[in-house]
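All remarks here apply to the structure that follows.
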Number of protein chains: 2
Amino acid sequence: MESIESDTDLAGKIEKRISESTIRRLSLYLRALSLLDKKGVKTISSKELASREKLTPAQVRKDLSFFGSFGTRGLGYPVSELRSEIAGILGINRIWKVALFGVGNIGSAMVSYKEFARQGFQIVKLFDNDQRKIGSNHKGIIVSDVSNLEPEIKEAGIEIAIIGVPATVAQYIVDDIVAAGIKAILNFAPINLKVPSDVYLRNENMSMELEYLSFAMVNNHSEKKTKP
Amino acid sequence: MESIESDTDLAGKIEKRISESTIRRLSLYLRALSLLDKKGVKTISSKELASREKLTPAQVRKDLSFFGSFGTRGLGYPVSELRSEIAGILGINRIWKVALFGVGNIGSAMVSYKEFARQGFQIVKLFDNDQRKIGSNHKGIIVSDVSNLEPEIKEAGIEIAIIGVPATVAQYIVDDIVAAGIKAILNFAPINLKVPSDVYLRNENMSMELEYLSFAMVNNHSEKKTKP
DNA sequence: ATCTTTATGTGAAATCGTTCACAATGAAAA
DNA sequence: TTTTCATTGTGAACGATTTCACATAAAGAT
């Protein structure tokens, strides 16, 4: 059934609230579909896709229905087409230029992490404040001085910053990054950063997942589903 | 959000369902309280704690109330005491011995990541299948051959495994790890691992957070809260 | 000793997310 | 062509989570 009000609503009035969970599941669908596409699979049902991600078929259909009707009744969804639809929804059918701040342990891992590039996130600038690191070459990128970030970020067309500096200096760096016009930040520092309301901030807290495992173990609790 | 069942109940009778979100927020509270404790702050109200984590005071109180009454009316919560209560709930008032599989980019970053050790997660074993890496020293740990993992894991008393190997081999390694008796796995490989139902598995998907940022930017999606 | 203020703990209400259930639809078979 | 079958898309029901609102309790002031 076609919905009366289009999701890409012309007037921009009726804004549907898409839950964070739905967006996270879109990432999962995308990964599964990319794999299927590479294998040459042409169509997939919500049931089959759901079972691969340990979700329910209804959940898959509902998630997709927020954005349009991509399937064919009786047949399922066209793998390749759905893959690119989801990429479009997530905004990764393009290249995003990313700058990484802090060429330490985490920073170095990020530069080499192939999965980012595969999703269209290109790390094109590295910044540090350590004179020994500035000027050195990491995977073909010369480390710049963080005290001169604004012109370099603007020139390179950076739109996303990854924070890999220690918690003690993260807020100062972020203030500079925000001042330079960056609107999206992925933070690895174990601290709550303050940013203006028009800047998107996500925190990656790796201890949290270990703590969750620890909790599950000491409480002898059986999970029903494993979430990403 | 999914939940796991909790029997953290004195009588062991009433089984409360603690949501995943609540557990994740406990991690946040713990981090905030550790910082406050170090600063010498003695008490904190739910209002103040909530504002630091961009949550509501009611949420903080409700979360804590699932596990007991830790506060004093009119005054707030005792920082140091609440910190150790939460550490106890999460099961991190002890040392967990961790083995890391795959001494590549991510693996190397994990070994040096101080936050893990600070939370009681001690990486004491490294495994790889690359002959050039086996025998080498990373932060004081000699890399072992993954093909001989069982005796080494048992001898070292490992309870948690971190998977930092490529997606293509992750399932094979995990099968061996499970066979060796490990019951908790933190997976960094971008693949859906299959484990028996008595093994706890968490996935860390770093691309997902970038994709969320990308989605937010292309959709002008205004978040109300920034989730960890 | 009493009053005032502050802040917890918690049922109840409101909100949000998931699953159900089925009409609608197209593909494939007869 | 008509029937059968599989599977989508989606309101409605359900369940879970968050927020509200207030009785309760302790601290500090007078």
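Atom set for the values below is all heavy atoms of this structure, side chains included, hydrogens, waters and symmetry mates excluded. Order of the sequence lines fixes the chain letters, A, B, ..., with proteins taken first and strands second; residue numbering starts at 1 for each chain.
Remark: C1' of D:dT19 and CG of B:Leu64 are 16 Å apart, rounded to the nearest angstrom. Taking atom CG of A:Asp63 as the reference point, atom C1' of D:dT10 lies 13 Å away to the nearest angstrom. What separates CZ of A:Phe66 from P of D:dT10 is a distance of 11 Å, to the nearest Å. Summarising the geometry, the separation between CD on A:Glu20 and P on C:dT18 is reported as 11 Å, rounded to the nearest angstrom. The CD1-C1' distance, from B:Ile44 to C:dT6, rounds to 15 Å in whole Å. One can place CZ of B:Phe70 at 11 Å from P of C:dT10, the figure rounded to the nearest angstrom. Atom CG in A:Leu55 sits roughly 13 Å away from atom C1' in C:dG17 (whole-Å rounding). Rounded to whole angstrom, the span from the CZ atom of B:Phe67 across to the P atom of C:dT8 amounts to 18 Å.
Between A:Arg61 and the options A:Ser46, A:Ser69, A:Ser45, a side chain to side chain donor-acceptor pair (under 3.5 Å) holds for only A:Ser46.
Side-chain contact check for B:Ile23 versus B:Leu90: some heavy-atom pair is nearer than 4.5 Å. Looking at heavy atoms from C-beta onward, A:Gln171 lies in side-chain contact with A:Leu193 at the 4.5 angstrom threshold. Counting only heavy atoms from C-beta outward, the side chains of A:Asn192 and B:Arg52 never approach each other to under 4.5 Å.
The environment of NZ in A:Lys97 is sparse: at most 12 heavy-atom neighbours from other residues, nucleotides or ligands sit within 6.0 Å. Counting heavy atoms of neighbouring residues, nucleotides and ligands inside a 6.0 Å radius, atom NZ of B:Lys47 does not exceed 12 of them.
By the 30° and 60° cut-offs, the orientation of the rings of B:Phe215 relative to A:Phe67 is perpendicular. The aromatic rings of B:Phe116 and B:Phe121 lie perpendicular to each other, with more than 60° between the two planes, well past the 30° mark.
Here D:dT8 is the nucleotide among D:dT17, D:dT8, D:dT19 with the atom lying nearest to any side-chain atom of A:Ser46.
For D:dT19, the OP1/OP2 oxygens have a side-chain nitrogen or oxygen of B:Gln59 closer than 4.0 Å.
Salt bridge present: B:Arg24 and A:Glu209 bring a charged side-chain N and a carboxylate O closer than 4.0 Å. For B:Arg94 and B:Glu159, the salt-bridge test passes: some basic side-chain N is under 4.0 Å from an acidic carboxylate O.
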- Item | Residue pair B:Ser207, A:Glu115: steps toward the side-chain hydrogen bond (donor to acceptor under 3.5 Å, both in side chains) verdict | CA-CA 7 Å; B:Ser207 300; A:Glu115 203 61 19; 4.8 Å; no
- Message: Output one letter per nucleotide in nucleotides 20-30 of chain D: B when a protein non-hydrogen atom lies under 4.0 Å from the base, S when only the sugar-phosphate is that close, - when neither is.
- Response: BB-BBBB----
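Across residues 76-85 of chain B, not one residue has a non-hydrogen atom less than 4.0 Å from an atom of DNA chain D. Non-hydrogen atoms lying under 4.0 Å from DNA chain C are contributed by nothing in residues 33-42 of chain B.
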